[in-house]
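Everything on this sheet refers to the single structure shown next.
Each chain gets a letter, A, B and so on, in the order the sequences are listed, and its residues count up from 1.
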Protein chains: 2
Amino acid sequence: MAVTMNDVAKAAGVSLKTVSNVLNNYEFIRPATKQRVQDAIAELGYEANLTARSLRSGKTSMLGLVLSDLSAPYYAELASKLMNAAARHGYRVLVEQSDADPGAELNALQGPFRQLTDGLLFTPLSIGADAIAGRAGSKPLVMLGEHIVDPRFDLVTMKNGEAAQALTAHLLAGGRRRIAVIGAHPEESAGTAGLRLHGYRQALDQAGAPFDPALIAPGEWRRDAGAAAVAGLLDSGVEFDAVFGLNDVLALGALHELLIRGVSVPRDVAVAGFDDIDEARFASPSLTTVSPGMDEIAERSVALLLDRLSGRETAEAGVHVESGFELRIRESAP
Amino acid sequence: MAVTMNDVAKAAGVSLKTVSNVLNNYEFIRPATKQRVQDAIAELGYEANLTARSLRSGKTSMLGLVLSDLSAPYYAELASKLMNAAARHGYRVLVEQSDADPGAELNALQGPFRQLTDGLLFTPLSIGADAIAGRAGSKPLVMLGEHIVDPRFDLVTMKNGEAAQALTAHLLAGGRRRIAVIGAHPEESAGTAGLRLHGYRQALDQAGAPFDPALIAPGEWRRDAGAAAVAGLLDSGVEFDAVFGLNDVLALGALHELLIRGVSVPRDVAVAGFDDIDEARFASPSLTTVSPGMDEIAERSVALLLDRLSGRETAEAGVHVESGFELRIRESAP
DNA sequence: ATGCTGGGATACATCGTTGCAGACGATGGC
DNA sequence: GCCATCGTCTGCAACGATGTATCCCAGCAT
């Protein structure tokens, strides 16, 4: 069997509870006693049993992260940074893939997954604010992304609208007039896709450029969907001189399809994305995109969640944090 | 407070233990009793407390996955598939990033992380077989990748040497004679890089082509290192007509640098990678690479680990599983 | 001396579950 | 009619830690 606190207590000649007190940095312990306990711990190679601690204290020191698919580069990079941020505060991150499935998202919210974690970082994609509110329970919950902007929930996001507007303005400034958008989600308006599309339209309006619905292609946020969307546009005969992928993998799929079809980028068509994943910098041509400040997002969302856990943050209404952004102008849309 | 088994027992008019038996599918329970318990569970909305179960049973239903960096596409895709495979068997996966740091890898092996998991999927990068054997403990451990091939450990890997040989043969068959290799790790010979390099040399030997050490560029397995390696080769004046990136991100970094420098791919230089990450298919030009059968790797490594856990697999020596591979011939090296 | 204060350590109950051993009534063989 | 067996269910202890309440003693004021 493993060494328990009881063994340590016996070895140090103190009570079980004193060992516990030493481990939990209880203030009033004589230095000599503390030393004896620590020596015993070192000698026996004692390691606290986290399961027992969790059962007794009700805390797991784990944060849950719910996202659709860990193999998507944006989520992979985000997860990596979140884990590092959490680790700095002594927490681990347990990841759950929802596949954007409503049932899976609900399960993550109330099932065993929730039980295993002290708080949740949640990227809802297919369920709404009311469904969440009804099942959120009492443990803290921080939303990531902007599918749900609701005063009831804490939210960490970026200035999607502003960023999309700035990026579109950049394309317009480069002389592009017919900017196709791919990856739109027609059903929603408040989600990430909706906000970015809104920013696009604002930029058009500001520049006095017309909005043409024929240029808006729906699609899931995957490389193949980006390629398919561009293929559809090309085949339909709609003219366009730029493509704005609502995220980077869409834009990279589009880029691929354009080049295959013999369309020169950026000469004939400029391409821009959103997210600034590592891959964007090394695409050929390299991809113009928006950097959402992922480090800041990761750091602040963990900080907010931990503030809720510790009770440092007590606001009744949801706290909304917005990170900054930066345009990354590269070869695909100079 | 949450609903406990005790509440269920009272509601159903049975003992605590009977509820436990129902939950654990104990054979000898009268259908009527079982039904009553299940009704009570449904009515009260009871959910088993996993922490308490873990403490009592000594099992967590979590598998540990140790890798260097979740943001690397290969690991992200692998982690995603492993999580899905584990979920199919009722297990969760807890990921730990080691950053290829020896201390972090040792910690994952014996620290709290190990305690939280029933078994480990381990991608060692910086520590050796002896260090692992000395600290492995008694919980099952399955190695991923081939940094460590040792009869003491279970291992799931792919035919690195054969695959690299086949890929190199393909390049040679295409008329390439001076194939640069980037991402070599000169210090090691048994690791992944070493095995792939070995396959490369075997292909050269078989074709009667000379081996030139000047064509071997070391580097970490990242995009920027791939770009830097190619830049170094170009600047040094060494001639080459193909680049074999020991993994895809290296090759993609190399591809990027070649195109920036005005080198035509594949006309002047062919480029090939290894891993077949999603991105390879959508690169421009699309990347010739080796598909390691990641689905199979994920499925079989989880199966092996669970077989060890359940005692279905009892081999004294390590079980070594090799998945198949397929060449994916694409535009970058047709 | 006595009472009070507060630092330092302890005993005991408790978190929610599962393993073990045994109880109980009904059945069946002899 | 007795004992062994079988199916079904139960009680108790235990997993390894923490919270609560309490106790003891030294130091100080009264």
Worksheet, complete the sentence: Expected list for residues 29-46 of chain A near DNA chain C, using heavy atoms below 4.0 Å, is A:I29, A:R30, A:T33
Fill in: Test salt bridge (charged side-chain N to carboxylate O under 4.0 Å, His left out) applied to A:R308 - qualifying residues, sequence neighbours left out
A:D154
Worksheet item: For B:S20, which contact category applies under a 4.0 Å heavy-atom criterion: base, sugar-phosphate, or nothing?
Response: base
Worksheet item: Hey, is the main chain of B:P151 close enough, under 3.5 Å, to the side chain of B:H320 for a donor-acceptor pair?
Response: no
Practice prompt. For the helix from C:dA1-D:dT30 to C:dC30-D:dG1, measure the angle between the helix axis at one end and the axis at the other, each built from five pairs, rounding to 10°.
Written response: 60°
Worksheet item: Of the residues in residues 47-61 of chain A, which ones touch DNA chain C at a heavy-atom distance under 4.0 Å?
Response: A:L55, A:R56
Item to complete: Check each of B:E299, B:M158, B:E77 against B:M294 using the side-chain contact (heavy atoms from CB on, under 4.5 Å) test, and report the only one that passes.
Response: B:E77
Detail all sub-3.5 Å separations between protein N/O atoms and N/O atoms belonging to nucleotides 21-26 of chain D.
none

Worksheet item: Are any of the side-chain nitrogens in B:R92 or A:E96 under 4.0 Å away from the carboxylate oxygens of its partner?
Response: yes
Discussion item. So, does A:N24 get its side chain near the phosphate of D:dT18, meaning an N or O under 4.0 Å from OP1 or OP2?
Written reply: yes
Item to complete: Mind running a 4.0 Å heavy-atom check of residues 9-19 of chain B against DNA chain D and sending the residues that fall below it, in number order?
Response: B:V14, B:S15, B:K17, B:T18
Worksheet item: Between B:R300 and B:D307, is there a side-chain N and carboxylate O pair less than 4.0 Å apart?
Response: no
Item to complete: Using the side-chain contact (heavy atoms from CB on, under 4.5 Å) rule, pick out the option among A:I127, A:N107, A:D130, A:L106 that qualifies with A:R135.
Response: A:L106
Worksheet item: Okay, side chain of B:S54, backbone of B:K59: is any donor-acceptor separation there less than 3.5 Å?
Response: yes
Worksheet item: Which nucleotide, C:dT10, C:dT18, D:dG7, lies nearest any side-chain atom of B:F28?
Response: D:dG7
